[in-house]
Structures are given as C-alpha cells and as structure tokens.
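Because the structure is a prediction, the values reported are computed rather than measured. This chain uses plain numbering: 1 for the first residue, then up along the sequence.
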Amino acid sequence: MKNFFLKFEENFIAFLLVSMTLINVANVFVRYVLKSNITWALEYSIMSFGWLIILGAAWGVRVGGHIGIDTVINLFSKKTVKFVNIISCSLCIVYGAIILFGSYIYVEKIYSVGIRSQDIEWLPAWVPKTALIFGFGLLIIRFSGMLIRIIKNEQHGLGLMNEAKEVIDSIKFEKNAKKTSRKEK
C-alpha cells in the first residue's frame with residue numbers, strides 16, 4: 001500500500017503537468033487556428049498548477065529535492081548539527097500546522113458559502129482549494145517522519161540537496177575519468 005501511495009503521488013504530479021501542457025497547447029490551437037477559445041482552460045491550468053506546486057513541495061521533501069545550504073552548519077559538532085536539525089524540522093512542522101489550520105478555515109468558509117468556480121461552473125470552488133490541506137498535511141507527515149529519524153540517529157540532516165557538493169563531486173569524477181582514459185592510452 002505504501003508503494004502504491006508513493007507511486008500515486010509521483011504519477012498524479014506527472015498527470016497534472018502533462019494535462020496542463022496538453023490543454024494549453026489545445027487552447028492555443030483553438031484560439032489561433034479555429035478563432036475560438038476553450039473557456040475553462042485557464043482556470044484548469046491555474047488549479048492544476050496550484051496542486052502541482054503544493055504536492056510537489058511535499059514530494060521534494062520526500063526525495064530530498066529541495067536545495068539546502070549547510071556549509072556553516074557543517075562547521076559545528078555533530079551534537080550541535082543534530083540540535084539545529086531538530087529545531088529546523090520542528091519549525092517546519094509548526095509552520096505547516098499553521099498553514100494547514102488556516103487552509104482548513106479557508107476551504108470550510110468557501111464550502112459553507114457555496115461558491116462555484118468561475119469558468120468550470122459545475123465545480124465547487126472549495127474542491128481545488130483542498131490542495132492546500134492535502135499538501136500541507138503531507139508536508140507535516142514528511143517532516144514528522146524526518147524528525148523521528150533525526151532523533152533516532154537514522155538521518156543526519158534534513159535530506160536537502162547540496163548543489164555545491166554535487167558540482168565538486170562531478171568535477172572530481174571528470175578529472176578521474178580523464179586520468180583513467182590517459183592511462184588506458
């Protein structure tokens with residue numbers, strides 16, 4: 001079940017990106033060739049993009065895709081680094097909880113008023129706004145799991161991508177590859 005959920009998340013994000021692209025390409029064709037318009041295309045794209053950003057943020061936490069700068073933190077002892085990571089992770093959970101609470105109030109208010117989408121008239125406006133609830137709920141779950149792993153010493157950081165380290169590693173790899181090819185000749 002866990003694997004299905006993880007794959008579902010990736011596939012849903014990919015679906016959103018592909019569907020947005022196809023609908024926008026179709027709308028450009030309809031607009032410039034057929035001199036008409038797909039009236040709901042812009043609203044669909046905005047809704048899909050919102051879902052894509054919010055779910056993509058949670059997915060980025062899961063795969064370690066967010067950029068992190070930990071050069072200064074790495075100068076400290078392991079105990080200090082662990083403490084800073086626990087504080088950072090806790091602050092992310094608190095931030096997510098605040099936004100989740102506000103999102104719930106926002107979506108509930110739209111639901112209670114009965115507002116409909118502007119261009120997709122059959123769609124209640126609260127439905128696409130639930131992306132906030134799902135996305136920040138997922139972020140809280142991901143950061144909570146990360147916090148537990150940091151406390152148990154199963155993880156030694158926030159799992160952020162270190163671009164500087166990757167560039168340095170790629171340069172070292174290229175130099176080693178050149179040395180190896182020269183030796184073979």
Query raised in the report: Does Thr80 reach the main-chain N or O of Phe76 with its side chain, forming a donor-acceptor pair under 3.5 Å?
Result: no
Query raised in the report: How far does OH of Tyr32 sit from CG of Asn37, to the nearest 0.5 angstrom?
Result: 10.0 Å
Report task. Could you tell me which non-hydrogen atom of Ile86 sits nearest to which non-hydrogen atom of Ile150, and how far apart they are? Result -> CG1-CG2, 3.7 Å
Query raised in the report: Just wondering, are more than 12 heavy atoms of other shown residues or ligands nearer than 6.0 Å to CD in Gln118?
Result: no
**Report entry** Short side-chain to backbone donor-acceptor contact, Ser36 and Arg31, under 3.5 Å
**Finding:** no
Requested in this report: Measure the spacing between CG of Leu147 and OG of Ser90 and express it to the nearest 0.5 Å.
Outcome: 4.5 Å
Query raised in the report: What closest approach, in Å, do Phe143 and Val61 show between heavy atoms, and which atom pair accounts for it?
Result: CZ-CG2, 3.8 Å
Requested in this report: Look at the side-chain heavy atoms of Ile, Leu, Val, Met, Phe, Trp and Tyr, link any pair under 4.5 Å apart, and say whether Met146 and Tyr95 land in one connected group.
Outcome: yes
Query raised in the report: When you measure from the side chain of Asn27 to the backbone N and O of Ile23, does any donor-acceptor pair fall under 3.5 Å?
Result: no
Requested in this report: Flag yes if Phe136 and Ile53 sit in one hydrophobic cluster, no otherwise; membership is Ile, Leu, Val, Met, Phe, Trp, Tyr, and two members link when side-chain heavy atoms are under 4.5 Å apart.
Outcome: yes
Report task. Identify the heavy atoms of Ile54 and Gly135 that sit nearest to each other, and give their distance. Result -> CG2-CA, 3.1 Å
Query raised in the report: For the residue pair Phe134 and Trp51, does the interplanar ring angle fall in the parallel (under 30°), tilted (30 to 60°) or perpendicular (over 60°) class?
Result: tilted
Query - Atom pair CH2/CH2 of Trp40 and Trp122 - distance to nearest 0.5 Å - result: 9.5 Å
Query raised in the report: Taking it one step at a time, do Leu138 and Glu9 satisfy side-chain contact (heavy atoms from CB on, under 4.5 Å)?
Result: CA-CA 11 Å; Leu138 269 176; Glu9 182 181 13; 3.9 Å; yes
Query raised in the report: Taking a hydrophobic cluster as the set of Ile, Leu, Val, Met, Phe, Trp and Tyr residues connected by side-chain heavy atoms closer than 4.5 Å, whether directly or through intermediates, do Ile110 and Val113 fall within one such cluster?
Result: yes
Query raised in the report: Mind checking whether Leu91 and Leu100 sit in one hydrophobic cluster, side chains of I, L, V, M, F, W, Y counted as touching below 4.5 Å?
Result: no
Requested in this report: Using a 4.5 Å cut-off on heavy atoms from C-beta on, say whether the side chain of Met47 contacts that of Leu123.
Outcome: yes
Query raised in the report: If you count the non-hydrogen atoms of other residues, nucleotides and ligands that lie under 6.0 Å from CZ in Phe83, is the total more than 12?
Result: no
Report task. Search all heavy atoms of Trp59 against all heavy atoms of Glu10 and return the closest pair with its distance. Result -> NE1-CG, 3.1 Å
Query - Distance (rounded to the nearest 0.5 Å) between Leu34 CG and Ile38 CD1 - result: 9.0 Å
Report task. Using distance alone, with no hydrogens and no angle criterion, decide if Ser45 and Ser48 have a side-chain donor and acceptor under 3.5 Å apart. Result -> no
Query - Where Leu52 and Leu16 come nearest, the two heavy atoms and their spacing - result: N-CD1, 3.8 Å
Query raised in the report: Out of curiosity, Lys82 NZ to Ile151 CD1, how far, rounded to the nearest 0.5 Å?
Result: 7.5 Å
Report task. On the 0 to 90° scale, with breaks at 30° and 60°, tag the Phe8-Phe12 ring pair as parallel, tilted or perpendicular. Result -> parallel
**Report entry** Glu108/Lys129 salt bridge by N-O under 4.0 Å criterion
**Finding:** no
Report summary line: Taking every heavy atom of Pro128 against every heavy atom of Pro124, the minimum-distance pair comes out as CD-O, 3.4 Å
Requested in this report: Using atom types as modelled and distance alone, determine if a side-chain donor or acceptor of Arg142 lies under 3.5 Å from a backbone N or O of Ala58.
Outcome: yes
Query raised in the report: Are Ile98 and Leu132 connected in a single hydrophobic cluster, I mean Ile/Leu/Val/Met/Phe/Trp/Tyr linked by side-chain heavy atoms less than 4.5 Å apart?
Result: no
Report summary line: Distance col, row Phe49:CZ vs Asn24:CG, nearest 0.5 angstrom, shows 11.0 Å
Report task. Using modelled atom types only, decide if a donor and an acceptor are shared between the side chain of Gln155 and the backbone of Arg149 within a distance under 3.5 Å. Result -> no
